[in-house]
Every structure is written in C-alpha cells, then in structure tokens.
K.L.:
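Once you've had a glance at the structure underneath, I'll fire off some questions.
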Number of protein chains: 4
Amino acid sequence: MTTQRTSPSSTARRNETSRRAILTAAFELVQEVGYVKLSIEGIASRAGVGKQTIYRWWTSKGAVLFDAFLMLSEHPDGGGSALPDTGDLEADLKAVLRATVAELNDPRYDEPMRALNTEITHDPALAALYSERLDGPMRELKKQRLRNAQQAGQLAQDLDLDVAVDLLWGPLLNRWLQRSGALTPDYADNIVETALNGLRPRH
Amino acid sequence: MTTQRTSPSSTARRNETSRRAILTAAFELVQEVGYVKLSIEGIASRAGVGKQTIYRWWTSKGAVLFDAFLMLSEHPDGGGSALPDTGDLEADLKAVLRATVAELNDPRYDEPMRALNTEITHDPALAALYSERLDGPMRELKKQRLRNAQQAGQLAQDLDLDVAVDLLWGPLLNRWLQRSGALTPDYADNIVETALNGLRPRH
Amino acid sequence: MTTQRTSPSSTARRNETSRRAILTAAFELVQEVGYVKLSIEGIASRAGVGKQTIYRWWTSKGAVLFDAFLMLSEHPDGGGSALPDTGDLEADLKAVLRATVAELNDPRYDEPMRALNTEITHDPALAALYSERLDGPMRELKKQRLRNAQQAGQLAQDLDLDVAVDLLWGPLLNRWLQRSGALTPDYADNIVETALNGLRPRH
Amino acid sequence: MTTQRTSPSSTARRNETSRRAILTAAFELVQEVGYVKLSIEGIASRAGVGKQTIYRWWTSKGAVLFDAFLMLSEHPDGGGSALPDTGDLEADLKAVLRATVAELNDPRYDEPMRALNTEITHDPALAALYSERLDGPMRELKKQRLRNAQQAGQLAQDLDLDVAVDLLWGPLLNRWLQRSGALTPDYADNIVETALNGLRPRH
DNA sequence: TTGTAATCGAGACGGTACGTCTCGTCTTACT
DNA sequence: AGTAAGACGAGACGTACCGTCTCGATTACAA
C-alpha cells in the first residue's frame with residue numbers, strides 16, 4: 001500500500017534525496033504544527049518538492065508519516081537489537097518501560113507518535129502495515145525476552161506471551177494516548193510489579 | 001470550556017432544540033462518514049442549523065463530539081449504576097470486559113469513539129474534561145467494585161486500584177485503538193485471568 | 001417608504017433619541033469605513049441600539065442613509081434659502097458651482113454622498129424619494145435663480161430650465177462620481193462660461 | 001491591477017477558457033440578480049470555476065466586472081471606429097446621444113453599467129483603469145469629432161473639448177445614474193441644442 | 001551520443017471546508 | 001408598546017488544502 005521500495009518497481013528512477021526530504025519534513029512539521037495542521041501542501045513546501053512527488057509515491061498523509069517512522073527506526077543501528085537480559089526480569093522490564101515512558105514524554109516524539117496512532121486508528125490498511133513493519137519486530141523482541149524468562153521458570157508456563165506484552169505496555173500507551181494520568185517512571189515500575197504479581201494477594 | 005449548562009451563564013437564551021439536533025447530527029455523521037470527513041459544515045447542515053450556532057457554543061469539532069457523548073451518557077437512566085457484584089470477582093470482571101469488547105466492536109460506537117479518542121489525544125483541555133466528566137465517573141465505578149473485592153481479601157491489600165483498572169482495561173483499549181489484534185471475548189477473559197494471577201507462576 | 005414622521009402614524013411612541021443616534025452613527029460610519037463596509041450591524045452597535053429598532057423603522061441601509069441626509073439638510077437653517085442673486089448671473093453661478101465643488105471635495109461629505117448616490121442608482125423607490133425630498137427643493141431654488149435671469153433677458157426665452165440645471169450641474173456631478181478628472185474651481189468656472197455661451201462660436 | 005494580459009507575466013499558465021467563463025458569468029449575473037446580490041461565490045458557481053481562480057486573478061468584484069466590460073468592448077470589431085461625421089454637427093451629435101440613451105435604457109446594459117459605475121465611484125484605482133482603458137478611448141473619439149467641427153469653424157476656437165464632452169454627456173449620465181428624470185431621445189436632442197447654443201439668448 | 005520517457009519543482013485548476021461577518025427574523029426581559 | 005440585547009437560520013466572505021492536471025527542465029536509461 002505504501003512504499004514500493006521493497007519491489008524495485010521496474011524502471012523506478014526515484015529521487016532518493018526528495019524522498020528523504022519529504023519524510024524529514026513530515027516528521028519535523030508534525031512536531032511543530034501538530035497533527036491537525038499537518039498538510040501535504042506544507043510538507044511539500046518544507047521539503048522543497050512538488051506536491052505531485054508526494055502523491056506519486058504515497059497514498060495518504062498517514063502513509064508518509066508511517067514511512068518517516070520507518071526511516072527513523074531503520075537508520076540508527078540496524079533494526080534494533082534485543083532487550084536487556086540481566087537475568088533479573090523485573091529490573092529489566094522496569095528499565096525498558098521507563099525507557100518507553102521517557103520516549104513518550106520526549107517532545108520530539110510525542111506529537112509525531114500521536115499522529116501516527118491517529119492515522120492507524122482510522123486506517124486499517126495502515127494499521128496492518130504498522131503491525132507488520134514497526135510494531136511486529138518490536139513485539140517480537142519483547143516476547144523473546146519474556147520467553148527467556150518463561151524458560152527460566154520466572155513466568156507461568158501457560159502464559160500467552162502476547163497477552164503478557166499487552167498487559168505490560170497496554171496500560172502505558174493507553175494512559176499516554178488518553179492523557180488519563182501522568183506518565184512517570186514510578187508508574188512504569190508500578191505496572192511491572194503489579195503485572196508480574198497479579199492483582200490477587202500472594203498468600 | 002465546553003458546556004455552559006452547569007452555570008446558566010446569566011442571560012443565555014440558548015435554543016435547546018438546536019443543541020440536541022447538533023449533538024445528534026454529530027454523532028450520526030461520524031458513524032456514517034468517519035472522523036476524517038466529519039465537518040462542522042456537515043453537522044450544521046444535517047442539524048438544520050447555521051454554522052454560527054455551532055461556533056457560538058463550541059470551540060472545536062472535538063468539543064461537539066464530546067458533548068454528544070455526554071448527552072448519550074446522561075440520557076439513559078441516571079448516570080450509570082454500579083458494576084455487577086456477585087461475589088465472584090473473576091466472573092464479574094469477565095462479564096464487564098466482555099461488555100466493553102462488545103461495545104467497541106459495535107459499529108454504532110466504533111467510529112464515534114475512535115473520533116473522540118483522537119480529539120482527546122490532540123487536545124489536552126478536552127482530555128481534562130473527558131477525564132472529569134466521562135472517564136472519571138466510570139473509573140470510580142470500576143474502582144468501587146475492586147475496592148469491595150479488596151476488602152473481601154480477594155485482591156492484594158497494597159494494590160493501587162488505579163493501576164489495577166489500567167491493567168484490566170488498558171490492554172483492551174490499546175488493542176482496539178491500534179488494531180493490533182482481534183478484540184474477542186476470549187481475549188477479554190484472558191486479560192482478566194492473567195491480570196488477576198500475574199505473569200509469574202503461582203507456587 | 002422611509003420615515004413615518006410626516007404622517008404622525010397614530011400611536012407612534014417612537015424614541016427620538018434612538019432615531020437621531022442611528023442617523024448620526026450611519027453618517028459617521030460611512031465616512032470612516034466607506035460605503036462597502038457600512039453595515040446595519042455596525043450602525044446599531046455604534047448607535048447603542050438594537051438592530052430591530054433599525055429594521056422596525058427603515059427598510060434598507062439606503063433608507064437610513066437617506067434620512068441621515070434629510071436630517072442634515074433640515075437642521076442648519078430651515079430648509080435652505082434662495083441662491084445668491086447679485087444681478088450678475090455668471091458670477092452668481094460660478095459662486096454656487098464652486099461651492100458645490102467644495103462640498104463634493106470635502107472629505108466629510110464625499111463618502112456619504114457617494115454612498116447615497118449608489119443607493120439611489122440601485123433603488124428606484126429611494127430615487128423617487130430623493131427626487132421629492134432632497135434634490136427637488138434644491139433644484140427648485142436653482143431654477144428660481146435662472147427664472148429670474150430669464151425674466152431679466154439674460155437667458156434664452158425658450159430655455160428649458162430643467163435642461164439648464166442639468167447642463168450646469170450634470171457635468172460636475174458626473175466628473176465627481178466617475179472620477180474622470182479633478183474637480184477644481186476652475187473647472188466649475190469653465191462649465192458655467194461654456195454652458196452660458198454654448199459650444200458654437202458667438203459671431 | 002487587473003488584467004495581466006498586457007504583460008504575459010513570465011510563466012502564467014492561465015486558463016483562458018475559465019477567464020472568459022468568469023467574465024461572461026459576471027456580466028450575465030449582474031443583469032439577472034442586480035449589483036447588490038452579485039457575489040463572487042455566485043460568479044464562480046455560474047462559471048463552473050473554483051472561487052480561488054477568481055481571487056487569484058482579480059482583486060475585487062469590481063475588477064471582474066471591469067474586465068467583463070473590457071472583453072465586451074474589444075470583442076465586436078476592433079476597438080470602435082470613429083463617430084459619424086456628415087458635416088452636420090448637430091445632427092451627428094443628436095444621433096450619437098440618442099444611441100447613448102438607447103444603450104442606457106437597454107435592460108441588458110442598464111444594471112451592468114450601474115454596477116460598474118458603483119465600483120468606480122468607490123474605488124479610485126478602478127476608476128483610473130476605467131479612465132485609461134474604457135472611457136479614455138471613447139472620449140478621444142468624441143473629441144476627434146468635435147475637433148473636426150472646431151476646425152470647420154462650427155465650434156468656438158477657444159473651446160476646451162473636454163469640457164464640451166462633459167457638457168454633452170454629463171447631463172445624460174447624471175440623469176441616468178440619479179434617476180432624476182426620464183431618459184428620452186427628446187431629452188438628448190434638447191441637451192445637444194442647448195449645449196451648442198448656450199443658455200444665453202443669441203442676439 | 002543521442003533520443004526518449006519517466007521524474008522532478010512549480011503551481012493553476014475545480015472543489016470542499018474553514019472560521020468570520022452580516023443579513024433579516026425572532027425571542028426575551030426591561031422600561 | 002418600544003427598546004437593547006442578542007440567538008437564530010442563512011449564506012457570502014476570503015483563505016487553506018485537497019487531489020488532479022499541465023508545464024518545461026532535468027535526468028538516466030537504451031539505442
């Protein structure tokens with residue numbers, strides 16, 4: 001639906017410079033003016049690009065935004081290594097969730113991520129792509145860490161790891177999106193502890 | 001920010017008929033055309049109302065949507081009674097979460113609720129209002145049910161009830177908003193069980 | 001069509017203060033903001049008056065403007081005395097036309113008079129009223145002065161005095177309205193001389 | 001200010017079809033609904049054109065109207081030939097003024113011309129353009145006919161031809177604009193005779 | 001080395017919706 | 001009853017973007 005970069009598309013003489021300029025402009029603009037005022041016209045102008053160049057390669061504002069995130073996620077190292085594994089599951093999870101909290105609170109990522117979430121919520125096709133390309137790989141890393149713990153007997157044997165991931169990150173993301181409370185490191189710790197031990201009393 | 005209905009605002013000779021027509025039109029339209037194509041112009045036209053009448057009383061599309069939900073939530077009985085309490089906490093929670101799943105899957109509510117969430121995500125003022133008027137009362141009911149269980153010794157004594165609520169509903173809402181998986185009754189059950197018992201093995 | 005002041009209108013419990021405030025506001029506003037931006041809403045606001053008070057007593061913006069001129073024309077002395085008559089027709093006419101030029105160039109009257117002319121051009125009913133109440137009496141004075149001259153043998157015996165008035169004032173008003181040239185005292189003199197002597201050579 | 005057609009303005013890829021549709025629509029609409037109810041929105045709709053296309057190329061309603069007249073005046077032959085010159089000045093002038101009367105009385109031109117006059121009266125820039133492009137050339141033709149007569153000794157040698165033109169056409173236009181009397185062929189004749197002979201008795 | 005065809009920046013175009021302003025009508029509360 | 005105030009349905013204002021289109025200029029492949 002979005003990028004054709006995977007399949008080289010026969011004779012695609014695409015201008016890589018323009019492509020990067022567009023994605024960068026989109027990401028920066030959504031920080032500056034917010035999701036609501038983000039416009040294709042604005043992106044084109046900021047990127048020094050004709051509007052048609054955007055419409056030629058992307059189907060929607062959301063698709064551009066998605067690719068912008070994709071570019072960011074690929075750029076740094078090489079896809080994202082594994083989650084920390086010191087053997088202490090609780091400590092590791094707290095560290096990771098605290099990092100998530102920090103990222104969501106980072107003004108450079110807050111608006112862009114909200115924008116991406118909004119697009120996903122209103123566009124199933126984009127959601128599928130997100131699931132496959134961005135969320136999927138990250139979720140796999142999380143599950144891998146949990147699987148290690150499970151094999152070490154630190155987690156219930158019959159535990160559904162997808163549910164476990166949801167139980168850890170769902171509350172965080174929901175509080176962030178709905179602004180239903182402050183997103184603090186303490187909150188992250190609290191989620192980890194409660195999720196690990198469960199709501200019921202232990203003895 | 002939104003409704004002045006609380007404080008009668010001195011001599012505000014407001015047309016209640018128009019007000020209801022606008023809120024109804026907004027709620028219906030967002031179902032039909034979706035959030036992205038929802039427009040003030042469309043709402044006014046559908047409600048048989050001048051645009052100015054909307055701009056006079058609401059500050060944004062989101063504020064209208066919010067009031068539409070507020071109207072709906074007040075209309076039925078009297079604000080929403082308590083959650084079921086049969087003494088069997090797990091069964092009660094499963095019933096409630098299954099009801100939530102059903103509502104989120106109901107095509108009459110799906111788009112409107114996504115729209116409201118989108119507005120909240122991008123408008124802190126609206127989020128505060130939502131927290132106070134809509135989410136707050138509902139969350140209180142949830143906490144009350146949990147508090148009963150806690151006093152009955154079915155939940156950990158040191159449990160933070162807000163975290164508990166997040167742990168139960170957060171995963172659900174997040175999966176729904178991000179479309180990261182199917183929202184089934186089984187999933188609801190799974191969340192309840194896992195949250196109650198925790199990720200760690202018991203014994 | 002406009003004011004009911006002529007016929008006392010049975011039970012007219014009309015607020016004279018408001019009436020004057022409206023007319024004054026209209027006249028002042030049209031000077032300040034120009035004809036195009038003159039609005040009933042603005043007049044009402046400036047006059048400290050409800051809009052309905054204007055709509056109750058006048059049928060259009062032009063009618064208000066017309067009455068504003070009527071008020072001005074009645075106020076000063078008592079309806080306008082005769083034109084100067086020193087016996088020297090040419091000198092008298094030059095003086096009167098120069099006065100007309102001065103008035104048309106006066107920034108206090110320029111915009112209001114243009115506005116009135118615009119309304120008249122687009123509203124035959126108002127034009128009739130203008131002809132009867134404002135232009136008529138003034139034209140009668142002009143004709144009276146010319147009639148005196150005619151009886152003194154200074155004007156052709158078969159001269160149509162209405163045509164004569166048009167010949168003298170028409171060029172002036174037309175140049176003013178169409179802005180087809182500078183409106184100077186010299187121009188007024190030139191018109192008078194040329195009209196009196198005719199275009200043809202004398203001998 | 002208005003037309004860029006003179007200087008092609010570098011790379012202005014202007015749609016000539018739209019341009020003509022707009023001018024035609026403006027001219028027709030002002031006939032049908034009158035000056036007061038003439039709107040840009042209406043013109044755009046009638047011309048099958050986006051509003052922006054009007055705002056892009058014209059600065060005001062009046063500018064559109066002006067160009068509509070310009071188009072009409074250029075279209076027929078090639079700018080307008082000379083005025084009739086049979087040698088009989090009086091007869092020629094009567095013919096031309098009668099033609100003017102006929103045109104002003106023609107319902108196809110009455111409202112549009114009133115509209116144009118209104119715009120000119122309230123917009124000096126437009127008035128200058130009118131003077132240069134529409135009135136100027138026509139006035140030159142009139143003056144040329146008078147100049148011929150002057151050289152033939154039929155007009156006073158010291159006559160200011162601009163004043164002469166004003167004296168002939170000013171009364172006509174003024175009576176038309178102010179609706180101060182019926183515009184008949186007889187009136188035209190009367191103006192010509194009186195202007196030629198002057199108000200004073202001859203011998 | 002030279003076509004030739006796709007891509008590029010630019011921006012006009014027919015549209016839709018924005019948020020504001022004014023219209024003329026109406027309702028309310030005060031005098 | 002008349003008034004000041006102002007809400008109301010209506011609709012035009014002038015602006016911002018939408019997504020499509022056309023226009024040279026540029027560019028990179030295939031002949």
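Chain letters run A, B, ... following the sequence lines, proteins first, then strands; residues in each count from 1.
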K.L.:
Quick one: is dT3(F) close enough that its OP1 or OP2 comes under 4.0 Å of any side-chain N or O from Arg56(C)?
P.N.:
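Indeed, a polar side-chain atom of Arg56(C) lies that close.
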K.L.:
Measure the distance from CG on Asn15(A) to C1' on dA25(F) and round it to the nearest whole Å.
P.N.:
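Going from Asn15(A) (CG) to dA25(F) (C1'), I get 14 Å.
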K.L.:
For dG9(E) and Thr53(A) - does any side-chain N or O of the residue sit under 4.0 Å from the phosphate oxygens OP1/OP2?
P.N.:
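It does, given that an N or O in the side chain of Thr53(A) lies less than 4.0 Å from OP1 or OP2 of dG9(E).
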K.L.:
Quick one: what's the B/S/- string for nucleotides 15-20 of chain F, heavy-atom cutoff under 4.0 Å, read 5' to 3'?
P.N.:
B-BBBB
K.L.:
Return the minimal non-hydrogen interatomic distance between Leu29(D) and Ile43(D), and the atom names on each side.
P.N.:
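Smallest interatomic distance, heavy atoms only, reads CD1-N, 3.6 Å.
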K.L.:
For residues 22-31 of chain C, which residue pairs qualify under side chain to side chain donor-acceptor pair (under 3.5 Å), counting only residues two or more places apart or in two chains?
P.N.:
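Every pair satisfying side chain to side chain donor-acceptor pair (under 3.5 Å) with a residue in residues 22-31 of chain C: Glu28(C)-Arg46(C).
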K.L.:
Any side-chain to backbone donor/acceptor pair from Arg179(C) onto Ala128(D)? Under 3.5 Å, distance only.
P.N.:
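A pair under 3.5 Å: no.
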K.L.:
Assign the ring pair His122(C) / Tyr35(D) to parallel, tilted or perpendicular, where the plane angle (0 to 90°) is split at 30° and 60°.
P.N.:
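The rings of His122(C) and Tyr35(D) lie parallel, inter-plane angle below 30°.
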K.L.:
Pick the closest DNA chain F nucleotide for Gly50(B) and for Gly50(C) by heavy atoms, then say which residue is nearer the 5' end.
P.N.:
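Upstream on the strand: Gly50(C).
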K.L.:
Using whole Å, report how far CZ of Arg13(D) lies from C1' of dA25(F).
P.N.:
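Atom CZ in Arg13(D) sits about 12 Å away from atom C1' in dA25(F).
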K.L.:
Determine yes or no for a side-chain-to-main-chain donor-acceptor pair under 3.5 angstrom, with Thr121(A) supplying the side chain and Leu177(B) the backbone.
P.N.:
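Confirmed, Thr121(A) side chain pairs with Leu177(B) backbone.
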K.L.:
Tell me: CZ of Arg19(D) to P of dC13(E), nearest whole Å?
P.N.:
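For the pair Arg19(D) CZ and dC13(E) P, the rounded distance is 12 Å.
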K.L.:
Round to the nearest Å and state the distance from Glu16(C) atom CD to dG2(F) atom C1'.
P.N.:
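Whole-Å distance recorded here is 14 Å.
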K.L.:
Between Tyr130(A) and Leu116(A), is the side chain to side chain contact (heavy atoms under 4.5 Å, CB included) condition met? List the steps.
P.N.:
CA-CA 9 Å; Tyr130(A) 174 76; Leu116(A) 184 58; 4.1 Å; yes
K.L.:
Any ion pair linking Arg114(A) and Glu111(A) (charged N to carboxylate O, less than 4.0 Å)?
P.N.:
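So Glu111(A) does not pair with Arg114(A) through a salt bridge.
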K.L.:
Taking OP1 and OP2 of dA7(F), is either one under 4.0 Å from a side-chain nitrogen or oxygen of Ser18(B)?
P.N.:
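So the side chain of Ser18(B) is outside the cut-off, no N or O lying under 4.0 Å from OP1 or OP2 of dA7(F).
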K.L.:
In whole angstrom, what separates Trp58(B)'s CH2 from dA7(F)'s P?
P.N.:
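The answer, rounded to whole Å, is 13 Å.
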K.L.:
Separation of Ile22(C) atom CD1 from dG2(F) atom C1', in whole Å?
P.N.:
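Distance check: Ile22(C) CD1 to dG2(F) C1' gives 12 Å.
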K.L.:
Roughly, in whole Å, what's the span from CG in Leu29(C) to C1' in dT22(E)?
P.N.:
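After rounding, the gap between these two atoms is 14 Å.
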K.L.:
Examine dA12(E): is either OP1 or OP2 under 4.0 Å from a nitrogen or oxygen in the side chain of Trp57(D)? Give yes or no.
P.N.:
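Looking at the OP1 and OP2 atoms of dA12(E), neither is under 4.0 Å from any side-chain N or O of Trp57(D).
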